[in-house]
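First up is the structure itself, then whatever we jot down about it.
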Amino acid sequence: MYDRLKGFRDFYPEEMAARREVIDTVETACRRYGFRETASPHLERAEMWTDKAGEGIVEELYAFGDRSDRHVTLTPELTPTAARMVAAKQQELSKPIKWFSTRPFWRYEQVQQGRFREFYQTNIDIFGSSDPRADAEVIALGAELLTDLGLDGDDFEFRVSHRDILGSVLRSFDVDIDVRDAIRAVDKSEKIDTAEYHDLLADAGLSYDQAAEFDDLITATTRDSLDDLAEFAGSDDAHAAVENLTAVLDAVDRFGASDHCELSLETARGFDYYTGVVFECFDSTGEVSRSVFGGGRYDDLIESFGGEPTPAVGFAPGYATLPLLLQRAGVYPDEAVATDYYVLQVGDTEREAAELTRELREREYVVETDVSGRSFGAQLGYADSINAETVVIVGEQDLADDQYTLRDMETGEQRTVSVDEFPPESGGPADDA
RNA sequence: UCCGAGCUGGGGUAGUGGCAUCCUAUCACCCUGUGGCGGUGAUGACACGGGUUCAAUUCCCGUGCUCGGACCCA
């Protein structure tokens with residue numbers, strides 16, 4: 001027996017059935033919004049990451065030399081690949097480019113709850129529009145796919161913020177503030193106590209009085225008082241950022257998703273590359289302690305990977321943390337396989353059973369029949385184990401009367417049907433059992 | 001990388017310095033006509049390495065893995 005690699009997981013049919021349903025729900029929502037599916041290599045040139053020196057992600061690459069000594073790596077994220085795809089067909093792609101892609105990614109990092117070394121995400125992005133309505137469409141989709149999964153507004157908080165608002169307010173205190181460090185501090189503020197938070201802000205260049213004032217300001221700001229915050233900051237940047245965020249929130253309203261979104265300037269996202277709107281989904285109860293997923297606008301990133309300057313906004317729900325929220329809320333799908341019919345053979349009825357099985361399968365039902373030569377009782381036990389809704393008993397006694405016996409596995413009730421009348425010509429799996 | 005807890009058949013467990021228990025699951029048979037809910041049987045475990053000991057699954061050390069947390073989070 002070989003062990004699995006640490007941080008890598010197997011998914012057995014029952015677990016996979018639930019995952020499949022979640023992924024399908026997410027992807028179906030994407031398709032309704034007109035996002036188109038893409039696929040891309042899971043192995044890329046390692047230089048796509050190592051050329052950008054000083055990035056922490058380089059430490060986490062599954063990188064190696066291939067047989068021709070190319071320096072390659074399993075992909076830790078989609079962005080550089082997406083940037084390449086956009087750059088390669090920059091001219092011919094109609095804008096905006098709206099893509100989604102569900103894929104595994106790999107990072108050699110410490111395994112803990114909701115974090116693995118191989119993990120699956122659906123990346124959802126719009127490239128080529130800097131209009132607030134693009135941000136809003138992405139946010140609306142993010143909120144909608146959560147409700148599609150069975151969550152309601154009480155289950156999650158969709159917190160929306162704006163990097164440039166934080167940055168311009170910080171700079172209004174002192175132009176020499178390390179905005180990047182200060183924003184990281186904001187991102188951590190919820191996990192640490194106030195004193196620590198203010199210490200971090202002080203490290204970034206604020207005085208303790210300024211740190212306290214900044215803390216109060218961004219905590220107290222509501223949608224209606226955003227303009228006051230811009231006045232306080234007093235810069236064109238601040239006014240532009242507030243105007244942008246307001247426009248995004250208004251557009252979110254028009255997309256009908258505002259009930260699930262709230263302004264929360266304390267939300268910042270830990271990543272440096274965000275340039276505008278950022279948002280993050282949290283468990284309302286706090287039981288799932290980490291962010292479920294997040295996203296935002298990253299207008300400079302495509303260019304930094306060698307593409308043309310291309311505005312971009314997107315997010316990536318991951319199937320490590322999302323199930324934690326769904327389970328907490330009690331809406332994670334059943335982990336069970338489903339079967340419409342089991343065709344049970346009794347005596348020498350293999351030919352008739354095979355034909356009936358084929359007819360049912362032609363009607364797109366999920367159908368199994370005996371492939372092990374088992375006894376009646378053993379076949380019924382197996383049918384139970386695969387959650388067969390209906391067992392069709394094809395026995396010599398039944399066939400002698402030109403009929404089958406249908407057993408409803410839920411109720412145990414049985415009835416006979418004429419061989420000529422089953423299966424019916426039309427009707428879905430739910431209608432004719 | 002660090003901290004904490006843990007590791008006994010596939011899953012869940014009992015237990016012990018000397019015979020490893022039970023439940024469940026799986027498979028077969030009873031059984032060519034009734035599963036989830038009968039009977040019989042079979043398969044199958046002390047994470048790995050080293051140490052102490054006459055003897056280690058048990059005690060000690062190390063490693064691995066699992067779970068939780070810290071750090072990190074292009």
Side-chain angles (χ1 to χ4, degrees), chain A residues 1-10 12 14 44 48-61 73 75-83 105-117 119 121 123 180 184 187-188 191-192 268-274 280 289-291 293-296 298 300-302 304-305 312 314 316 318 320-321 324 336 339 342 344-350 353 370 372-400 404-414 416:
Chain A
M1 270 293 283
Y2 296 106
D3 294 332
R4 270 174 312 170
L5 251 23
K6 186 186 180 76
F8 287 69
R9 290 172 298 164
D10 298 316
Y12 289 84
E14 292 74 17
E44 292 273 16
M48 288 170 69
W49 287 272
T50 57
D51 281 355
K52 295 175 69 65
E55 304 288 352
I57 203 169
V58 171
E59 307 299 314
E60 299 179 348
L61 291 178
T73 185
T75 50
E77 57 174 348
L78 187 63
T79 307
T81 301
F105 295 97
W106 297 266
R107 290 184 194 175
Y108 194 93
E109 54 184 350
Q110 200 53 44
V111 174
Q112 51 186 269
Q113 189 184 34
R115 204 160 78 180
F116 303 93
R117 289 181 175 174
F119 56 96
Q121 294 185 333
N123 280 81
R180 185 180 132 162
R184 287 192 174 191
D187 182 53
K188 286 185 182 174
K191 290 184 181 174
I192 58 183
R269 302 285 288 154
F271 308 142
D272 294 335
Y273 59 70
Y274 288 111
E280 212 153 4
S289 58
R290 60 188 71 236
S291 159
F293 63 81
Y298 51 101
D300 301 332
L301 198 58
I302 300 290
S304 79
F305 280 110
T321 49
L324 297 178
T339 309
Y342 181 86
L344 194 153
Q345 303 170 28
V346 191
D348 183 19
T349 62
E350 186 183 338
D370 183 43
S372 305
R374 279 174 162 154
S375 69
F376 190 105
Q379 288 187 67
L380 209 52
Y382 178 73
D384 185 51
S385 76
I386 59 172
N387 300 318
E389 267 185 49
T390 304
V391 167
V392 185
I393 300 169
V394 182
E396 289 174 347
Q397 295 168 21
D398 304 85
L399 292 178
Y404 305 124
T405 300
L406 299 189
R407 179 179 179 84
D408 182 317
M409 291 296 278
E410 179 97 28
T411 64
E413 284 167 20
Q414 296 191 175
T416 55

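Throughout, a chain's letter reflects where its sequence line sits, starting with A, and its residues are numbered from 1. Below, each value reflects all heavy atoms present in this structure, side chains not excepted, and no hydrogens, waters or symmetry copies.
Whole-Å rounding puts the A/Tyr382 OH to B/rG33 C1' distance at 20 Å. Taking atom CG of residue A/Asp187 and atom P of nucleotide B/rC72, one finds them 10 Å apart after rounding to whole Å. Going from atom CD of A/Gln112 over to atom P of B/rG69 covers 6 Å, rounded to whole Å. Rounded to whole angstrom, the span from the CZ atom of A/Phe119 across to the P atom of B/rC73 amounts to 15 Å. When rounded to the nearest whole Å, the span between CG of A/Leu344 and P of B/rG36 equals 14 Å. A straight line from CD of A/Glu413 to C1' of B/rG35 spans 16 Å, rounded to a whole angstrom. A/Asp370 has its CG atom 13 Å from the P atom of B/rU32, to the nearest Å. The CZ-P distance, from A/Arg407 to B/rG36, rounds to 10 Å in whole Å.
Contacts of A/Glu396 with the nucleic acid, taken as non-hydrogen atoms under 4.0 Å apart, include base atoms. Among the atoms of the strands shown, base atoms are found under 4.0 Å from some heavy atom of A/Phe305. Among the atoms of the strands shown, base atoms are found under 4.0 Å from some heavy atom of A/Gln414. If you check every strand for non-hydrogen atoms under 4.0 Å, A/Ser304 touches a base. Base contact: A/Gln397 has a heavy atom under 4.0 Å from a base atom. Residue contacts shown for A/Gly347 include a base, since a base heavy atom lies under 4.0 Å away. Within the nucleic acid shown, A/Asp348 has no heavy atom closer than 4.0 Å to any nucleic acid atom. At a threshold of 4.0 angstrom between heavy atoms, the contacts of A/Thr405 include nucleobase atoms, whether or not backbone atoms are also involved.
Between A/Tyr298 and A/Tyr274, the two ring planes are perpendicular [angle over 60°; tilted spans 30° to 60°].
Each of A/Asp384, A/Leu380, A/Asp370 was compared with A/Tyr342 under the side chain to side chain contact (heavy atoms under 4.5 Å, CB included) criterion, and only A/Asp370 meets it.
For the pair A/Arg117 and A/Phe8, the cation-pi test (distance below 6.0 Å, angle within 45°) is failed.
Heavy atoms of other residues, nucleotides or ligands lying less than 6.0 angstrom from CG of A/Asp10 number more than 12. Other residues, nucleotides and ligands place more than 12 heavy atoms under 6.0 Å from the CD atom of A/Gln112.
With B/rG69, B/rG33, B/rA28 as the candidates, the nucleotide lying closest to the side chain of A/Arg374 is B/rA28. Of the listed nucleotides (B/rG36, B/rU34, B/rC2), B/rU34 has the atom at the smallest distance from the side chain of A/Ile393. Nearest to the side chain of A/Arg115, among B/rG33, B/rC67, B/rC72, sits B/rC72.
Under a 3.5 Å cut-off, the side chain of A/Thr339 and the backbone N or O of A/Ile386 do form a donor-acceptor pair. A/Glu280 contributes no side-chain N or O that, together with a main-chain N or O of A/Gly294, makes up a donor-acceptor pair within less than 3.5 Å. The closest donor-acceptor contact from the side chain of A/Arg107 to the backbone of A/Pro76 lies under 3.5 Å.
Taking atom P on both B/rA5 and B/rC59, the two are 15 Å apart, rounded to the nearest angstrom. Of the P atoms belonging to B/rA55 and B/rG18, the separation is 14 Å, rounded to the nearest Å. As rounded to the nearest Å, B/rU13 and B/rC22 have C1' atoms that lie 8 Å from one another. B/rU58 and B/rU8 are spaced 13 Å apart, taking the P atom of each and rounding to whole Å. Annotation: B/rG38 and B/rG6 have their C1' atoms spaced 39 Å apart (nearest Å). Look at the C1' atom in both B/rC71 and B/rG64: the space between them is 23 Å, to the nearest Å. If you take atom C1' in B/rC48 and the same atom in B/rU57, they sit 13 Å apart, rounded to whole Å. Look at the C1' atom in both B/rA14 and B/rG69: the space between them is 31 Å, to the nearest Å.
Under the Watson-Crick or G-U wobble criterion, with both distances below 3.5 Å, B/rC37 has no partner in any strand shown. Judged by Watson-Crick or G-U wobble contacts below 3.5 Å, the nucleotide B/rG64 has B/rC7 as its partner. Shown here, B/rU16 forms no base pair; nothing in the strands shown gives a Watson-Crick or G-U wobble contact with both key distances under 3.5 Å. Of the nucleotides present, B/rA42 is the one that pairs with B/rU26 by Watson-Crick or G-U wobble criteria, both distances under 3.5 Å. The pairing partner recorded for B/rU52 is none, the criterion being a Watson-Crick or G-U wobble arrangement whose two distances lie under 3.5 angstrom. Across the strands present, B/rC72 finds no partner; the criterion is a Watson-Crick or G-U wobble pair with both atom distances under 3.5 angstrom.
Checking the phosphate oxygens (OP1, OP2) of B/rC72, no side-chain nitrogen or oxygen of A/Arg107 falls inside 4.0 Å. In terms of phosphate contacts, A/Lys6 brings a side-chain nitrogen or oxygen within less than 4.0 Å of OP1 or OP2 of B/rU66. Taking 4.0 angstrom as the limit, A/Lys188 places a side-chain polar atom (N or O) nearer than this to OP1 or OP2 of B/rC72.
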Can you check nucleotides 37-39 of chain B for protein contacts, nitrogen or oxygen pairs under 3.5 Å, and list what you find?
none

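Checking A/Glu44 against A/Trp49 by side-chain atom types alone, no donor-acceptor pair falls below 3.5 Å.
Mapping A/Leu301 and A/Gln113 onto RNA chain B via the closest heavy atom, the residue that lands nearer the 5' end is A/Gln113.
Side-chain contact between A/Leu61 and A/Tyr108 is absent, with no heavy atoms from C-beta onward closer than 4.5 Å.
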